[in-house]
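Heads up, the thing below is written out as structure tokens.
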Amino acid sequence: MTTHVEDRFEHHSEKPAGVSAQVETSHDVQVSTPAKICGMGHRMKRKEDPRFIQGRGRYVDDVKLPGMLYMDIVRSPYAHAKILSIDATEALATEGVLAVITGEDLKEAGNLHWMPTLMSDTQMVLPIEKVVYAAQEVCVVIATDRYIAADAIEKVYVDYEPLDPVVDPFEAMKDEVIVRDDKEAKTNHIWHWEAGDKEATDQAFAEAAHVVEESMHIPRIHVSSIETCGMVANYDKIQEHMQIYMTSQAPHAHRTVFALVSGLPEHKIQIISPDIGGGFGGKVPVYPGYVCCAVASLVTGKPVKWIEDRSENLQADSFARDYHIKAKMASDASGRITALKVETLADHGAADAAANPSKFPAGLYSICTGSYDMKAAHVAVDGVYTNKPPGGVAYRCSFRVTEAVHMIERMTDILAHDLGEDPADLRSRNFIRPDQFPYRSPTGWEYDSGNYQAALDKAKEMIGYDELRREQLEKRARGELMGIGISSFTEVVGAGPSKDYDILGIKMFDSAEVRIHPTGKAIARFGTKSQGQGHETTYAQILAEELGLPASDIQVEEGDTDTAPYGLGTYASRSTPTAGAAGAMAARKIKAKAKKIAAYLLEVGEDDLEWNVDRWQVKGSPEQAKTIQDIAFAAYTNHPPGMEAGLEATDYYDPPNLTFPFGSYICVVDIDKGTGEVKVRRFVAVDDCGNIINPMIVEGQIEGGLTMGLAPALFEEIVYDDQGQNLSGTLADYLVPTAVESPKWELGKTITPSPHHPIGAKGVGESPTVGAPPAIANAVVDALWHLGVRHLDIPISPQKVWKALRDAGVRG
Amino acid sequence: MSRHEISLTVNGAEAKGEVEARLLLVHFLREDLDLTGTHIGCDTTSCGACTVILNGKAVKSCTVFAVQADGAEVETIEGVATEEGLHPLQEGFWEKHGLQCGYCTPGMILSAKHLLAKNPNPTEEEIRWGISGNLCRCTGYNKIVEAIQYAAEKLRNAETEEARQEVSA
């Protein structure tokens, strides 16, 4: 990496929006500031950690307000049923119970019984006529104590008339049972969406030498952050002010939704998202419990706390995935991929409550041509309602990219195996080459930069690929099952450019506000909200890099809508691409003003000055200089006549394009023929997320993401029975990996900066969750291919492998 | 619901309360004593976020009634650091990036503390099994294992140093 800070700035400002250029790939992190400043590239210990390691974090459930009441929720035992009556007499007669709120009550309060989802669909807050999924919120009880509230929900008697549920999305498409009969159109079909060129794709398939085809299901999973969702709502009737503590990944957007739904003026709503115990997408939607909790505070005039328990979290909160995919891939005689055709049925449950940008009902799924250069592709997706909890949010993945990557990486492997080719060689033959960037994909994406072969080469070298293939042959001859799986994925993150990306009409920019105090210390506030990503450290490092202020002198704040600038929040690996960029741009505005002040103080022209780490100095005479601290003091004490005092700036950053992190993962598995158990022996992950702000934090993001990629590949699935009952509703049934199942990840990196991002960074939190599952699945199928196994759906449980082995006549 | 007077030692200090028989220890700690560093992540004793040390053993305080802790000694995350500073485990988690969102961290640290008390020199595998009752969704566990190895080494060195000084004295 040879570009330094100034070049990156110039580069960015000169390029028209969306235009990218070929960039060099390097292997080493660049550090251009000394340790005392701790700019980009330093392994700075996290500034947020002292409070967490001493039990002094402040999460929503830690908030305790005087006179606080507790809310608990009565939930439906049926997946589909008419509500005949709700009798709360006994509950209300219980000492300590103050109120029971039903759908009728919400209707009377101003039609609050329905709310919009983030996809402009509608979702019941509390039902009046019928319930549409098991564990649906039916009514809420408010009591003086959480134990009394939990007792009282057992004393609310709801009379249901069970209806036939529709649980399978293919059955739902027949419209024999209508999930949403509140809608005019009596159909479960929500939307149809297409991308790419159908005609060109059909033509390419007609001309293909080889075609491979496979059906796969990416099942329903749940983020299951260790902290569940919750709220403390505190309505002050005298001030007419609603203060809300909320497990929110997007507090500003939630404030606007609350204002629009409730009619409360937006300036009278303050949402505070305090420390968040993991989000991963699950804390982006607005759940009925939040709305009920806020209404409960409005009704009682007292603070009300609602904290869901784990079984509620797993049964009723938004799920991820649930894509049923049929894919076909075409190639020429030499194994060059020519086209891809994908049809998908997206099971959204009882409402389309995903959190995709408005124009993208299937998210960024059309990134599914992946890292491969092909002539044509066509993707069609249909969304469908079923009697399951609503959703379609992320699981540490930006907008359906995981589903896309799993499909393309599985299909590429199937093609390689069908042709009798090494999967690494087939990938190399089909990669988009570095000189093709900026690359326009057949479904319309403009990839900013990439060097896929460099990442694959590094991964092969780290793991000793050729030696492993030899070992595999030897073992196979002895009847042992060993597989090697590759995933050379491309991510697409950083939503996004305002012309295409919005949530409920709000453009997906993000923001930073940086203020330097007279003594050279600073406060910086952002529109995003960390849930463990370490923004208090990484944002400070970005500002340290730009301004030369020590990162330890910069206080970073997020999550309070009264103080932070408006932003769309943290999910989809967007914080560094958007708010991180805003921080850099705000810093550059400050630096421009600082230059004027320095010129005034040094009595030279601005053109005579050059920036050096933390100061403006006279060209050719570096002893004549003013540090950023000197300048900050002067900004309040001795600023040039006619100039505004102070040293601060705000930036709302609208990215010119998305960013495209990538990587190559190689996984080695050993399979027990007797039990079907898959053991991940080694896993090498080479990631390229562009320029790196803090290598330690990037490693942490990657290792955590890899374990969240291992989880759905081998363990996690939300399973429903044919009556729509969730069979995975506790952590005893839903298998989140422990330290024992999680392998020792081996990390490597290449660095290919984003040419359009102010600091060349791309985002990293989700790449490993996107890239890991197909590497593991490919390794398992690679071990079994010679037995006639072409595909196994994730999670690849011992039962599935054992059955495949028995079907192939293998006995342990 | 019957109420009971309880008296226990929490982080070296006496704590008293009059509690319902069914009150969970975790709620007594968090709500009666305002020790909110002990977290709740599930209702099936699966996640370990609520781990505290009760009479020398790491337990999940969501599955212990407060009345069962009557007369006991309890250590929570708030009691791990001393006047001399952070405990080596706390240092290790900070140094090695053993935490991200911080929610599982108190439980992890207390499970690790119990592990190292039993086994001052654990192998990597023993560490992984030792924290297998604690779920972390953020870190992927590698850096937690490194944090515990860091602390184990530091504690062993401190013990050797202490023994050496005793011998020379």
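Note that these values count all heavy atoms, side chains included, but never hydrogens, waters or copies made by symmetry. Lettering of chains follows the sequences in order, A, B, ..., and the numbering in each one begins at 1. As the structure is a prediction and not an experimental result, all values here were calculated from the model.
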With chain B, which of [options] has the greatest number of heavy-atom pairs at distances under 4.5 Å?
options	value
A/Thr228, A/Asp275, A/Thr730, A/Asp61	A/Asp61
A/Arg58, A/Arg51, A/Arg43, A/Glu699	A/Glu699
A/Glu48, A/Arg146, A/Arg56	A/Arg146
A/Pro50, A/Gly705, A/Gly57, A/Ser530	A/Pro50
A/Thr707, A/Leu731, A/Asp62, A/Val223	A/Asp62
A/Gly278, A/Ser224, A/Ala711	A/Ser224

Rounded to the nearest 0.5 Å, what's the gap from [atom1] on [X] to [atom2] on [Y]? Could you check?
X	Y	atom1	atom2	answer
B/Asn142	A/Trp745	CG	CH2	8.0 Å
A/Gln533	B/Gln100	CD	CD	8.0 Å
B/Cys101	A/Ile276	SG	CD1	9.5 Å
A/Glu741	B/Ser132	CD	OG	8.0 Å
B/Tyr141	A/Leu706	OH	CG	13.5 Å

So [Y] and [X], do their side chains get closer than 4.5 Å, heavy atoms only?
X	Y	answer
B/Tyr103	A/Ser225	no
B/Arg137	A/Arg396	no
B/Val145	A/Lys744	no

- Item | Choice from B/Thr105, B/Thr139, B/Thr76 maximising heavy atom contacts with chain A below 4.5 Å |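 The residue among B/Thr105, B/Thr139, B/Thr76 with the greatest pair count is B/Thr139.
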- Query: Which of the residues B/Met108, B/Glu20, B/Glu124 is involved in the greatest number of heavy-atom pairs with chain A at under 4.5 angstrom?
  - Reply: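 Most heavy-atom pairs under 4.5 Å with chain A: B/Glu124.
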- Pick one of side chain, backbone, both or neither for B/Leu24, based on which atoms fall under 4.5 Å of a heavy atom in chain A.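 For B/Leu24, the contact with chain A is made by backbone and side chain together.
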- Contact class of B/Leu135 relative to chain A, heavy atoms under 4.5 angstrom: both
- Side chain / backbone / both / neither for A/Lys45 at chain B, heavy atoms under 4.5 Å: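 It is both, since atoms from each part get that close.
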- Using heavy atoms and a sub-4.5 Å threshold, report which of residues 27-54 of chain B line up against chain A, by residue number. B/His27, B/Arg30, B/Glu31, B/Asp34, B/Thr36, B/Gly37, B/His39, B/Ile40, B/Gly41, B/Cys42, B/Asp43, B/Thr44, B/Ser46, B/Cys47, B/Ala49
- Item | Per-residue contacts, residues 81-97 of chain B versus chain A, heavy atoms under 4.5 Å |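 Hits under 4.5 Å: B/Ala81, B/Leu86, B/Gln90, B/Phe93, B/Trp94, B/Glu95, B/His97.
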